[in-house]
Structure formats: structure tokens, C-alpha cells
Amino acid sequence: IADMASAQALVAACRAANAVSVKEESRPTSKSAGKLFDLTSLQREANTRFGFTAKQTLDLAQALYEKHKATSYPRTDSSFLPDDYPGKVREIMGALRNQDSYSPLAAAVLSNDWVAVNGKTFDSSKVSDHFAIIPTGQIPNELSEAEQKIYDLIVKRFIAVFYPAAQYLQTTRTTTVGKEAFLSTGKVLKSPGWLTVYGRELSEDEA
């Protein structure tokens, strides 16, 4: 509403109305985790969450790759893995299961056999020189605070892509007061799926 007069006229019309009706519709919706990181998406995520510049993120990812051997080659434009990589993914999940921070999350992927060949994650045709940025399974020691943040981003995204989609109940409600109709929407999380990996780190908008 652009001006006060229009708003006041609407309020007056609603107060004078005799009839009020409500129509509500609910339907299930779902949302899957994002793709694995390429360098650009990792830089974007690190900037959003931590305020890191693109160069800072690249330097940190390079250190995780070269110094700590904890993540794969970072200078990649691919967010996919080769078609023959499911076995390697299970192997890496097995290693993550031995890290306290990720143990129950990785264990759930393995025990439920969620590593399945699908076009969202495995597609050799979308891998050129290097595949997506993922953990190697090597447990890093003595990471700096900034390195730990980037490592955690990479590991959690790697685990999350294999979790089931989050399930919601999306509700749309139309309230009619006299001749005026008001639309409101909302959603309720019914099954967290991949959001389990992030706990409550993600806001409802991000979910």
C-alpha cells in the first residue's frame, strides 16, 4: 500500500464488513540439499557465512588441499563427481565416521545406504580436469580457525547431498473480509532430512 489514505480506507472497509471467510489449502513440498561445491560456490558460501573474500577462501582451500591433504583440488569449476565414484564416497564416509564431529552424520549415510548413483551428484560428462571439492577422508590436525570453517563447510555439504530431501507442509490461506482478500502463506518442517546435518544453523528462509 503506497499511501496512508489508501491504508486507512482499507481498514475502514474491513471494520465495516459483515462477512469474513477463510479458505486454506495445504500441500506437501520438499527441498534437497545444494550441489557439491565448486570453487565459485564455495567462495560465495564462505563470504555469506564468514565474510571471507574470494582470495581468502581460495588460500584456505588450497592449504586444506596441499598442507593438510584433507580436501580435494580446489580450483575446479565442477560440482559433480565421476560416475564410478560411489565406492570412493563410501570409503570417505567411513573415514568421516571416525571423526567425532561428523561420526553420526556419516554413519547414517552408510547404514541407510544413501550413496546412490544419480545425475545430481555423479555425472562424468560434467567433470573436466577436476571434480567437485570434497573431503579426502584424511583427518586434518591443527587447523586454524579459518581453515576449520572452510573444512566444515566442505564436509557438511559432502554429507548433506546424500541425505533425503527435507519435507515440508506448505499452507496457503486466503482470508476474505467483505470484498477484500488477504493472502498468507507458511510452511511447517515435517521431516528435516539433510537439514539434520546443519542442526539449526540454517534459517527457515535458507532451508
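For reference, positions follow the sequence shown, starting with 1.
- By the 4.5 Å heavy-atom criterion applied to side chains, Leu36 and Ile133 are not counted as neighbours.
- For the pair Lys190 and Tyr168, the minimum side-chain heavy-atom distance is 4.5 Å or more.
- Counting heavy atoms from C-beta outward, Ile134 and Thr71 have side chains that stay 4.5 Å or more apart.
- There is a side-chain donor-acceptor pair under 3.5 Å between Asp38 and Ser41.
- The distance from atom CD1 of Ile150 to atom CD of Gln56, rounded to the nearest 0.5 Å, is 9.0 Å.
- Here the closest heavy-atom approach between residue Gly137 and residue Ala95 is recorded as O-CB, 3.3 Å.
- Note on residues 14-24: pairs passing side-chain hydrogen bond (donor to acceptor under 3.5 Å, both in side chains), not counting sequence neighbours, are Glu24-Arg173.
- Applying the ring-ring contact (aromatic ring centres under 6.0 Å, His included) test to every pair with at least one member in residues 140-167, sequence neighbours left out, gives these pairs: Trp114-Tyr163, Phe158-Phe162.
- A heavy-atom distance below 4.5 Å is not found between the side chains of Thr174 and Val22.
- Members clustered with Leu10: Ile1, Val20, Val177, Phe182, by chain and number, using a 4.5 Å side-chain heavy-atom cutoff among hydrophobic residues.
- A distance of 13.5 Å separates NZ of Lys149 from CD of Glu45, quoted to the nearest 0.5 Å.
- If you take CG on Leu42 and CZ on Arg157, they are separated by 9.0 Å, rounding to the nearest 0.5 Å.
- Both Leu110 and Leu105 are assigned to one and the same hydrophobic cluster, defined by single-linkage of ILVMFWY side chains at heavy-atom distances under 4.5 Å.
- Each of Thr57, Asp59, Thr53 was checked for a side chain to side chain donor-acceptor pair (under 3.5 Å) with Lys55, and the lone residue meeting it is Asp59.
- Within the 4.5 Å cutoff, no side-chain heavy atoms of Thr136 are placed close to those of Ile92.
- Here salt bridge (charged side-chain N to carboxylate O under 4.0 Å, His left out) pairs that include residues 74-87, with residues two or more places apart or in two chains, number zero.
- Here Gln167 contributes atom CD and Thr29 contributes atom OG1; the two are 7.5 Å apart, rounded to the nearest 0.5 Å.
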Output side-chain donor-acceptor pairs under 3.5 Å for residues 138-148, partner residues at least two apart or in another chain, one line each.
residue	atom	partner	partner atom	Å
Ser144	OG	Glu147	N	3.1
Ser144	OG	Glu147	OE1	3.4
Glu147	OE1	His68	NE2	3.2
Glu147	OE1	Ser144	N	2.9

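- With values rounded to the nearest 0.5 angstrom, Phe50 atom CZ is found 7.0 Å from Asp152 atom CG.
- Taking the side chain as every heavy atom from C-beta outward, Met93 and Ile159 approach each other to under 4.5 Å.
- The OG atom of Ser191 sits 12.5 Å away from the CG atom of Leu169 when rounded to the nearest 0.5 Å.
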task = Evaluate side chain to side chain donor-acceptor pair (under 3.5 Å) for Ser103 paired with Asp100, printing each intermediate quantity in order.
result = CA-CA 5 Å; Ser103 179; Asp100 291 342; over 6 Å; no
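- The number of heavy atoms from other shown groups lying within 6.0 Å of NZ (Lys67) does not exceed 12.
- At distances below 3.5 Å, at least one donor-acceptor pair connects side-chain atoms of Trp194 with backbone N or O atoms of Lys31.
- Under the 4.5 Å side-chain criterion, counting only non-hydrogen atoms from C-beta, Phe122 is in contact with Pro86.
- At a cut-off of 3.5 Å, with distance as the only test, a side-chain donor of Ser26 or Thr171 sits close to an acceptor on the other residue.
- Sequence neighbours left out, the pairs with a member in residues 74-104 that pass ring-ring contact (aromatic ring centres under 6.0 Å, His included) are Tyr85-Phe131.
- When every heavy atom of Ser78 is checked against every heavy atom of His130, the shortest pair comes out as CB-O, 3.5 Å.
- Here the shortest heavy-atom pairing between Pro192 and Ala166 reads O-CB, 3.4 Å.
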